[in-house]
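See structure below.
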Amino acid sequence: MSAFFPISELSTYHSKWVIRARVTAKGQLRSFSSKGGTNQVFDTHLLDESGSEIRASFFGQMAEVNFPKLQQGKVYTFSRGNVKIANRQYNRCNHRYELVFDRDALIEEAADDAKIDSIKFSFVDLHAVQSKAAPCTVDLCGVVVGFKPVLAFTSREGKELVKREITLADDTATSLSIALWGERAKQEDKVFEGNPVICLKGVAVREWNSGRSGSLMEAGVMQVQPKLPEVQRLQQWWAKSGSSVSLTSLSMSFDAPLTDLRTLQSKALPCTVELCGVIASFRPTFSFTSKDGKELTKREITVADDSGMSMTVTLWGDRAKQEDQVFDKHPVVSIKGVVVKEWNGGRSGSLIEAGSLSFQPTTPEAQRVQQWWSDSGSKQRLTALSQEGGGGGARGAATSDASTIAEMRQAAELVSSQPEVFNITCRLATVQTAKQGQVQPLYYMACQEPRPGSSLPCQKRVGEDGFCAACNRAGKAAPRMNIRCRFSDFADSAWLTTFHEAAQKVLGSTAEE
């Protein structure tokens, strides 16, 4: 090891170094536009004998030369690269720094070294995945609690693809749906049968159908029942109690079992569930304009079931616009795809666009709930999971009438699920340009490729190379403003986040300028 510089000690203070490392991951060769024209880039993960792993990116000619040369799993020596601070938005290695090879890089194949591990996992439990900012990339270890048949289809670009969805669960009693592709998906069903423990390196997690789902990247790694402490721990958990626990799913599933409202009370949030209950009450439709300028219509209904509990569920669009008589006289409904979140000190649900709403279903669960309502439920005092907005004089300030910043603060403490609008005359006091000593950009580059199944642009942040993790490709991008400003009136001030259209009005300039 003494002949080579340890990856663990690499920093911007060292310029002359030679490392010997195994390529544990290798990304795709991508093209992007730069000031000098079209460029190329691909990235790798390098692991050495010290057990440290670092991300290395190859640009331009170095990318063209080394992409066919570097093979995942083999050992090489690397030198003549630059060290820079790791960009945490795109770098999932734990190293503080990352490497860039853009010219004069020297990479040579070396003899295999058994002292260098073949792979290094940095596992994240599924409960932690729930709170991570998406999209993100993680390493997972979990029990296969379900899998679907192989599905072959043609992509929008005309490419023939093969995928298989598996569901992983771990000892946080949380599960996640993950897509496998290509040869990994084509493996025989017996590989996934019997609840094996699987380790995945390089799972891209993104928002999907108001839940979360994962996709094992092409450069990722899948190992079945490897000899690791985490695998042993999960095997013991599954054998002892895991196979019988109620799992909280991060992914939207249309074949998920019904959840009663009492069970929902203790589920980790956010989660997506299917409900069956009686419409105990409902509110009129409410139309408003979203922050993105989209005209929306919603209606809130209160659903109760035979657990003696109730919860508010929001319906949108055409479902909300149905005649009042549809919701009258306490019909039984089955609702698939309800996203439940904390709201106003309680819990409330929202039916996603891909979900379904059925009136008077004939399932055994629906008949049971109907019988409960007829026998005693209609007279029973229900325990509400959802909190109604408070009242009081301060609510008068929460209108489109003129108010002050102090009145807005007071009313915000009592805000309900209905949108509230404040009209305040104030001055722009400060635009935040730095945070904790770091430069705070006033804009970010946003993907302008259309969302799947929509004509609206993606608008997710793209990387330095123009690659969008949400769309999994590099395409059109444009600057979008996102600024944090402090506004002041005669008595108080408040920090407010201002997005693109409003931000351009505040600054009097466009994001391009």
Side-chain angles (χ1 to χ4, degrees), residues 25-31 42 67-68 71-73 126 129 134-169 175-226 249-257 272 274 336-337 352-356 447 449-455 458 460 467-475:
K26 178 184 173 185
Q28 296 177 325
L29 183 66
R30 305 192 300 268
S31 298
F42 77 96
F67 184 77
Q71 296 183 39
Q72 189 169 329
L126 291 172
V129 170
C136 63
T137 305
V138 295
D139 297 347
L140 301 175
C141 181
V143 179
V144 178
V145 297
F147 63 92
K148 293 184 178 180
V150 177
L151 174 67
F153 63 99
T154 304
S155 70
R156 288 183 299 175
E157 293 80 15
K159 189 176 181 181
E160 297 297 324
L161 299 175
V162 177
K163 69 177 283 192
R164 181 200 290 270
E165 290 185 6
I166 64 173
T167 302
L168 285 191
S175 67
L176 177 73
S177 176
I178 299 166
L180 307 179
W181 301 88
E183 295 303 318
R184 295 190 182 107
K186 293 178 183 178
Q187 295 179 91
E188 295 183 7
D189 287 358
K190 64 182 180 182
V191 173
F192 306 99
E193 291 173 347
N195 306 113
V197 176
I198 288 184
C199 297
L200 302 174
K201 182 179 181 67
V203 177
V205 180
R206 58 181 292 188
E207 301 283 351
W208 179 252
N209 271 349
S210 296
R212 295 197 167 199
S213 64
S215 178
L216 182 59
M217 299 187 299
E218 184 179 2
V221 175
M222 170 179 160
Q223 292 187 351
V224 181
Q225 304 278 63
S249 175
L250 301 184
S251 307
M252 170 61 192
S253 174
F254 289 99
D255 52 6
T272 306
E274 178 184 345
K336 287 188 176 183
I352 65 173
E353 186 177 357
S356 65
C447 176
E449 295 296 327
R451 301 175 191 168
S454 171
S455 60
C458 168
K460 295 288 187 182
F467 183 75
C468 175
C471 298
N472 197 29
R473 59 175 171 168

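The structure presented is a predicted model; accordingly, all values stated were derived computationally and were not measured.
Paired with L216 under the rule side-chain contact (heavy atoms from CB on, under 4.5 Å), one option of L200, V221, I198 passes, and it is L200.
Looking at K186 and E183, a side-chain N of the basic residue comes within less than 4.0 Å of a carboxylate O on the acidic one, giving a salt bridge.
With hydrogens and angles disregarded, a donor-acceptor distance shorter than 3.5 Å links the side chain of K26 to the backbone of F67. Looking only at distances, no side-chain donor or acceptor of R30 sits under 3.5 Å from a matching main-chain atom of F467. A distance-only check finds no donor-acceptor pair linking the side chain of E207 to the backbone of R212 [under 3.5 Å]. D139 places a side-chain N or O within donor-acceptor distance of the main-chain N or O of G202, the cut-off being under 3.5 Å.
Under a cut-off of 6.0 angstrom, the local environment of CD in Q225 is crowded, with over 12 non-hydrogen atoms contributed by other residues, nucleotides or ligands.
In this structure, R164 CZ and R184 CZ are separated by 13.5 Å, a value rounded to the nearest 0.5 Å.
At a threshold of 4.5 Å between non-hydrogen side-chain atoms, the residues L140 and V129 count as touching. With a 4.5 Å cut-off on side-chain heavy atoms, F192 and L180 count as touching. Under the 4.5 Å side-chain criterion, counting only non-hydrogen atoms from C-beta, L168 is not in contact with L176.
A pairwise comparison of heavy atoms in F42 and G27 identifies CB-O, 4.2 Å as the closest pair.
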